[in-house]
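Note sheet for the following structure.
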Amino acid sequence: MMRLPRPRVMVLIAGLVVVVNGFVPAIWIVLTSLKTEAELLRLPITILPDTLTFQNYTRVFTDQPILTFMWNSVAVATLSTLLCVTVSALAAYALVRLRLPAPGLILSVLMAIAMFPLISLMVPLFQVMRTVGLLNTWWALVLPYAVLSMPVCTMVLISFFQDIPKDLESAAMIDGCSRLGALWHVVIPLTAPGVFTAGILAFVNAWDEFLLALTLSSRVSSRTLPVGITLYQGEFSFPWPIISAALVVAIVPISIIIALFQERVVGGLTQGGMKG
Amino acid sequence: MAGVEIRQVVKQYGRVEVLHGVDLSVRDGEFVVLVGPSGCGKSTLLRMIAGLEGITGGEIAIDGTVVNDMPPRERDIAMVFQDYALYPHKSVYDNMGFGLRMRGTSKSEIETLVHEAADILQIKHLLERRPGQLSGGQRQRVAMGRAIVRRPKVFLFDEPLSNLDAQLRAEMRVEIKKLHQRFGTTIVYVTHDQIEAMTLADRIAIMKDGHLQQYGTPDEVYNRPANRFVASFIGAPPMNMTPASVSADAQVIRLPSGMDVTPRGANLAACAGRDIVIGLRPEHVALGHDDPSRTPVSGQVELVEPLGSETQATVRVGDARFTGRFSPEAGLKHGQDVTLGLALDRAHFFDAETGEAIRLAA
């Protein structure tokens with residue numbers, strides 16, 4: 001048998017830990033969503049459902065307006081992602097290409113935003129949103145989500161933009177583009193994997209966020225999925241199978257999006273334009 | 001077509017000045033080569049003409065219009081980059097047509113112009129490919145195609161051949177020369193290769209440390225170099241440089257190690273009593289002392305480099321060294337004692353301190 005070099009074994013073990021950590025809870029949720037509540041509470045615990053039931057999924061759609069929650073989540077996550085990626089791309093480009101004074105300081109300040117504990121922003125954000133009349137609207141979540149994801153998206157895009165040779169933009173500018181035109185026609189297409197990576201990060205952050213969504217959207221009509229799912233919980237009941245089914249419904253769209261864009265994220269487009 | 005005027009152009013990065021008031025006039029349809037060692041400012045100057053670098057001081061005019069504050073896209077120039085700078089995500093056709101598309105040219109016209117340019121550069125069969133599927137030479141042709149397809153006022157070339165192997169470089173040099181003859185467009189071409197400069201240029205601008213050293217035809221810079229730097233930069237193998245001092249009556253040249261030489265065929269009155277540097281091209285160093293117009297010196301062969309058609313050899317004369325181009329039949333051997341005939345009437349004389357050329361009376 002071929003002996004693996006030791007570093008490779010370590011990498012495999014680390015990979016296994018990550019996969020188990022990520023997939024076991026997800027699989028457990030799926031299995032729970034297919035069980036009856038009685039089976040779930042029965043001892044000994046069963047791993048696979050004795051009797052397969054889709055009743056929980058029906059209840060997900062009938063007990064609460066989950067489609068409204070989902071639509072709100074899709075809208076908020078999409079808008080915040082578009083806003084975040086657009087601003088982050090411009091910021092990253094400026095930091096990489098323009099001769100800005102103290103770019104290091106700007107980056108540090110940007111990173112400091114990411115360090116803020118969300119809870120410390122809650123009261124000021126609530127007051128700002130109430131003052132400008134955005135409470136219970138998509139924008140109450142879109143704006144803070146975009147800002148909160150901006151540091152990490154900017155950092156991701158900076159690393160991708162740095163790999164684009166300056167001469168490609170110079171060529172585009174000589175060919176008739178403005179600086180922004182060169183960014184749009186050349187840099188963005190070439191950094192598509194980076195743009196999609198940043199986009200997915202921003203989307204997932206927005207899709208998963210709970211605290212702000214709970215605070216800034218108190219009406220059922222404006223709630224997003226993470227908050228909406230808590231509504232399945234009764235005052236004296238905790239219907240795990242239904243909540244699990246709701247979680248599966250929440251996970252599916254984001255899984256599809258990641259699966260669709262995975263190739264773009266992984267694929268490299270930059271070979272061949274320059275020498276070597 | 002258009003001329004390019006560069007007037008007292010200065011470039012600073014922060015407090016560092018890299019171009020110190022360069023003046024250069026490129027005539028309409030002229031092929032001018034900017035040449036110099038790395039860091040001399042030639043590429044910076046080219047990028048300033050293109051509008052890719054700001055101008056700290058002075059003026060650049062294209063076709064009579066000052067373009068200091070004009071963005072690159074409005075200057076009607078095209079540029080070929082050292083690393084090709086082809087758009088990797090576009091096909092060859094789209095690479096070539098991109099500039100036209102940006103200028104609102106119709107699809108049918110783009111097609112005609114791209115095919116015409118591809119025809120000239122013999123890359124028609126590559127139009128559907130991506131840059132990543134091309135060899136270095138093909139990429140360089142595409143880069144040139146992208147430049148010529150727009151028929152700009154001025155072509156700018158930034159060391160376009162430096163990534164190619166020697167054979168391909170020679171081929172592409174011919175292509176570029178043909179393109180210039182065909183279109184007659186003004187070209188400003190940057191290189192550090194003096195052979196490229198000599199073979200391509202109508203006029204050569206030699207730069208060093210952000211200063212223009214000399215601007216003239218290949219013949220002028222080769223045969224009448226303005227200073228020691230130009231003399232040693234142009235020509236391969238480089239000009240032999242020997243420090244010497246000339247007697248007060250200009251009859252004797254004292255070489256290093258105290259060897260005295262009586263010059264033949266050169267009136268050194270302008271150098272009388274001065275410390276100088278003698279510059280002598282390798283082709284003006286011959287074997288033997290039969291020729292009465294040549295000044296004989298004796299030395300020992302230190303290095304022999306046979307090149308087939310000729311043999312280059314370096315002969316040590318006291319502390320001085322003279323490299324010459326000799327016939328292979330001479331059969332020079334390392335360590336052999338020889339007598340050289342120096343054609344001092346063809347030599348160049350430079351002030352030892354300033355390096356400036358000393359012009360002799362005929």
Nearest heavy-atom pair of B/His89 and A/Leu190: which atoms, and what distance? ND1-CD2, 3.4 Å
Heavy-atom pair of closest approach, residues B/Ala85 and A/Ala171: O-CB, 3.8 Å
Going by the salt bridge (Lys or Arg N to Asp or Glu O under 4.0 Å) test, which pairs reach into residues 92-111 of chain B, not counting sequence neighbours? none
Flag side-chain contact, heavy atom, 4.5 Å: A/Arg99 against B/Tyr13: yes
Using non-hydrogen atoms only, which part of B/Arg75 is less than 4.5 Å away from chain A: side chain, backbone, both, or neither? neither
Is any side-chain heavy atom of A/Leu168 less than 4.5 Å from a side-chain heavy atom of B/Pro88? yes
Interatomic spacing from CD in A/Glu169 to CG in B/Leu52 - rounded to 0.5 Å: 10.5 Å
Only pairs of heavy atoms separated by less than 4.5 Å count here; which of B/Ala143, B/Gly99, B/Gly136 has the most with chain A? B/Gly99
If you measure from CD1 on A/Ile174 to CG on B/Leu156, what distance do you get to the nearest 0.5 Å? 6.5 Å
For the ring pair B/Tyr87 and A/His185, is the centre-to-centre distance below 6.0 Å? no
Under-4.0 Å salt bridge between B/Arg47 and A/Asp167: yes
When every non-hydrogen atom of B/Met102 is compared with those of A/Cys177, the smallest separation belongs to SD-SG, 3.6 Å
